[in-house]
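Report on the following structure.
Note that the coordinates shown come from a computational prediction; the quantities given were computed from them, not determined experimentally. Labels below follow one simple rule: chain letters A, B, ... track the order of the sequence lines, proteins then strands, and each chain is numbered from 1.
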Amino acid sequence: MPFSPRRRILVTSALPYANGHIHLGHLVEYIQTDVFVRFQKLRGHECAYVCADDTHGTAIMIRARAEGRSERELIAEMRAAHLADFAGFQVAFDHYGSTDNPANRRLCGEVWQALSSKGLVVTRDVQQLYDATAGTFLADRFVKGTCPRCRAADQYGDTCEQCGATYAPADLVDPVSTLSGARPEVRSAEHLFVTIEALHGFLTEWTRSSGALDPRITNYLAGHFLGEALRDWDVSRPAPYFGFEIPDAPGHYWYVWFDAPIGYLAATAEWCEARGQAFESWWGRGSAGTPAEIHHFIGKDIVYFHTLFWPAMLEAAGLALPTKVRVHGFLTVNGQKMSKSRGTFVLARTWLDHLDPAALRYYYAAKISGGIDDLDLNLDEFMAKVNSDLVGKVVNLASRTARWLESTGLSASYPDDGGLFAQAAADGGEIAAVYEEGDFARAMRAIMLAADRANAYVDAEQPWKLAKQGPEAAGRLRDVASVALNLFRQIAVYLAPVLPGLAEQAGDLVGGPIHSWDESQAPLAGLPVAPFKPLMKRIEREQIDAVIAASQAAVAEKTTPGGSSMDMTPTTADSGEPLAAEPLAATCSIDDFTKIDLRVARIVAAEEVPEAKKLLKLTVSLGGDATRTVFAGIKGFHEPAALVGRLVVVVANLAPRQMKFGLSEGMVVAASGAGATGVYLLSPDAGALPGMRLH
RNA sequence: GGCGGCGUAGCUCAGUUGGUUAGAGCACCGGCUUCAUAAGCCGGGGGUCACUGGUUCAAGUCCAGUCGCCGCUACCA
């Protein structure tokens, strides 16, 4: 047995934001991180998996305000939900903290101090619009107004989409806050910046030769950021802001992306404190003892935070740098982006209500190869693969042989198996190597190969015939079943990082709890065998359908105001999410309202605009000969053919607008937003006629 | 349109630094088996590796272009 030194490995997943529930997309990351951690522990290394809720920022503040409660109440509730979801999927953190904890405040201060003392913090005035009604500064995207150059209406605060002009939000003519509808005023606000350019040389070197990054990531960074001077990073926000106030800059708060990664440090610190360990032994540099490895698992959307800002902060603070930043892609379901309207936006909780979390863990493991490509959850394949691999091959191995050993136990010495156990034991090195690389897909393939060989062995030995031959074949029967059960347990060891539940059940069946990878290297003999209990159930089509249906229902519940009149059950309270996502506009007078002429119209023609991704070209009739051409952003949600003949509501006196594909002479009213991807057209009650005005 | 990614059997994917008749699982077809959660075993059909051109003794693998798809973004008035 080769000597393998005991490594010290700190592992993180990205901090989930306390503004929403965990869904199947999040789980791609947490499950793969958990598999990696369980693998390292099984190998006998000291490994800690730390994570935390990311709790600060404007979005949390606005949402809490809309729900009429404190931010801390909101994040406490979300934390409990997150923890329950993770536990359900057997994602086992060694410590789960919060960026709102004292440890994080302290460490933010320390990192800040280091940046300041190195002269990396500068103060600059930023001209920003302020919404006095909402009592907050407005980010560019929260301001709209008229372009100062071409007078186009309703442009965002940074650039004009009509003429391409760029300007400051304060330059807009008639600016409006999208939060309250109030007219914002220009205020000069002081912001604090980190002059990250001072670390440009370090970052170029680190991204290239530290070994922490995939070459593709290195190239991406070199091409997009490191090829020119790095811009100062704006790390403060003026009050009001839900976060930590900066100690030496009253009225200024650390921007959420400053304190979030420090949450990794804080969670480690809390974990260390609870175990009497030294924080410095993990994040310090050059301390005594085995140096720690630091592995960050992240999605491809937050690469530059983890590969530029974060190492820069660590470098400035004199802390250890990441050993590996492991980047993964996004989840698609049935080949497409998760969709609420298609029912493929599945919350962790919804899955747990209908399906075995272990099945998803296995499926993800079988598809994760350590690359940054997106991962597709094909539900048909999911069902076939889990049933075939886990139920048909692995579990079946125990299911078809354990019963013959209930009374006798395993053979007293391990019988001749033609070298099967030894072969699978030898494969253990390769399987471990690919686990280490994060190529779980390859590991699963190798393990299934062992399961195939084991089943072929059972088939060749035909123990069911031996069972019928009476006492003289009993010894042979016992041997064959002992081999099969040992091969099963060996596979359970290899799968233990992915399927901790199965490993536990395998231990219950024979041999006791599995603690070490080394248990795959030597067969068991002479031990009792417990009565066989079903280890895993087949996945039925109905369960999948139920998950989709429940996911669609969850969306309907959130986006249908007041529920429908056909709903006999007392409605559970509607979620405040849609409203929070788009707060009410400013009060308008009845005169203002009557300026808008809303009419019932009939769609008389609807056609695709092949080059447009979101637009359909509609011809609507207001009755008689009055028709209008309207481009509506509903492509993908409505089939053109199905729209023809249908009554809708249009804004009939809207100024015509020249769009890329033609002139649009009105607007079809539809509901959308709140993070939902659907677009819901409004229909009048039966009897309404085209041309009728809405009063 | 801009940026990024991808195009290998019906489906999901492997194919290591370019090197013998391109692989797996599922699905499908045929046979065997009946211990097992309609599970298992053996065999089979099926691919001009998107297309075109180039580099090379040799390309799925490198380069260029074309087409198609996906994601972010813009066109949601």
Side-chain angles (χ1 to χ4, degrees), chain A residues 152-154 156 159 161-162 164 216 219-220 223-224 300-301 303 329-332 334-337 363 366-369 371-404 439 441-442 444-446 448-449 451-468 477 480-481 484 532-540 609 611-616 630-637 650-651 653-670 672-673 679:
Chain A
D154 217 17
Y156 281 105
T159 60
E161 289 160 4
Q162 287 300 295
R216 297 161 83 181
N219 292 339
Y220 163 76
H224 287 78
K300 64 186 182 184
D301 53 331
V303 162
F330 298 143
L331 178 73
T332 56
N334 290 339
Q336 288 179 295
K337 192 181 159 189
Y363 183 78
K367 306 269 292 194
I368 288 169
S369 56
I372 57 181
D373 298 330
D374 289 350
L375 185 159
D376 187 48
L377 167 57
N378 180 292
L379 292 169
D380 289 328
E381 190 208 16
F382 162 76
M383 188 170 75
K385 191 160 189 63
V386 169
N387 286 345
S388 167
D389 287 358
L390 295 185
V391 180
K393 290 178 183 172
V394 176
V395 165
N396 188 227
L397 202 51
S399 165
R400 66 194 301 201
T401 54
R403 54 187 284 239
W404 289 308
D439 192 351
R442 191 186 280 267
M444 295 308 106
R445 262 179 269 134
M448 284 313 133
L449 219 53
D452 284 341
R453 289 193 302 256
N455 273 306
Y457 167 85
V458 174
D459 236 70
E461 298 298 332
Q462 302 181 308
W464 56 92
K465 287 195 174 161
L466 297 173
K468 285 172 186 158
L477 174 63
V480 169
F532 179 79
K533 284 183 279 195
L535 305 174
M536 191 169 268
K537 286 202 200 86
R538 291 180 61 82
I539 292 168
E540 303 296 340
V609 182
E611 312 88 75
K613 286 190 179 172
K614 293 188 180 171
L615 297 178
L616 289 184
V630 176
F631 287 91
I634 57 174
K635 184 174 184 171
F637 301 106
V650 301
V651 183
N653 64 338
L654 192 64
R657 171 153 170 139
Q658 185 60 45
M659 299 187 65
K660 185 171 171 184
F661 310 108
L663 190 68
S664 186
E665 305 169 309
M667 176 173 174
V668 174
V669 176
S672 65
V679 174

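On the P atoms, B:rC11 is 37 Å away from B:rA36, given to the nearest whole Å.
Regarding contacts with the backbone of B:rA39, a side-chain N or O of A:R538 is found under 4.0 angstrom from either OP1 or OP2. Residue A:R442 places no side-chain N or O under 4.0 Å from the OP1 or OP2 atom of B:rU16.
For the pair A:F330 and A:V458, both in contact range of RNA chain B, the more 5′-proximal nearest nucleotide belongs to A:V458.
Contacts of A:V395 with the nucleic acid, taken as non-hydrogen atoms under 4.0 Å apart, include base atoms. Within the 4.0 angstrom heavy-atom criterion, only backbone atoms of the sugar-phosphate kind lie near A:K468; the bases stay farther away. At a threshold of 4.0 angstrom between heavy atoms, the contacts of A:N455 are confined to the sugar-phosphate backbone, with no base atom among them. At a threshold of 4.0 angstrom between heavy atoms, the contacts of A:M448 with the nucleic acid are absent.
Salt bridge A:K367/A:D376: absent, no basic N to carboxylate O contact under 4.0 Å.
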If you restrict it to nitrogen or oxygen atoms, what contacts under 3.5 Å exist between nucleotides 24-33 of chain B and the protein, and what is each distance?
| from | atom 1 | to | atom 2 | distance (Å) |
| --- | --- | --- | --- | --- |
| B:rC26 | OP1 | A:S388 | OG | 3.4 |

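Side-chain atoms of A:P534 lie closest to B:rU37 of the nucleotides B:rA36, B:rU37, B:rC13.
The distance between atom CG of A:L397 and atom P of B:rU37, rounded to the nearest whole Å, is 14 Å.
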